[in-house]
Amino acid sequence: MLIQLTIPDMMCSACANTISQAITEIDPQAKVEADPVTKLVKIESQTSEVDLRSAIVAAGYTLA
Ligand SMILES: [Cu+2]
């Protein structure tokens with residue numbers, strides 16, 4: 001399933017990397033596209049959206 005999330009405090013490519021890592025930690029098969037310019041993260045994953053959201057929050061980011 002494809003999930004698209006907005007993360008307003010993803011400010012740079014380091015944030016994008018941190019977020020991508022947080023997601024692949026809970027789902028190593030996930031495909032993540034994080035763009036600090038648009039603040040959008042596109043995730044192709046079988047993990048539930050709730051779990052993906054918690055992983056991002058646990059990494060220190062805020063979801064819109
Ligand atoms: Cu950053």
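Numbering of ligands and ligand atoms starts at 1, following listing order. The figures here come from the full heavy-atom set of this structure, side chains too, leaving out hydrogens, waters and symmetry mates.
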Rounded to the nearest 0.5 Å, the CD1 atom of Ile43 sits from the CD atom of Gln4 at a distance of 9.5 Å
Strictly by salt bridge (charged side-chain N to carboxylate O under 4.0 Å, His left out), give each pair with a member in residues 49-63 just once, sequence neighbours left out.
Glu49-Arg53
side-chain contact (heavy atoms from CB on, under 4.5 Å) between Lys31 and Lys42, worked out:
CA-CA 8 Å; Lys31 283 180 198 153; Lys42 292 178 191 168; over 6 Å; no
Using a distance threshold of 2.8 Å, what protein N/O/S atoms lie below it relative to the Cu ion (ligand 1)?
Cys12 SG, Cys15 SG
Test side-chain contact (heavy atoms from CB on, under 4.5 Å) applied to Ile23 and Val41, step by step:
CA-CA 10 Å; Ile23 292 162; Val41 181; 4.2 Å; yes
Could you check if a side-chain atom of Leu5 sits within less than 4.5 angstrom of a side-chain atom of Ile56, using non-hydrogen atoms only?
yes
Sub-4.5 Å side-chain heavy-atom contact between Ile3 and Thr47
no
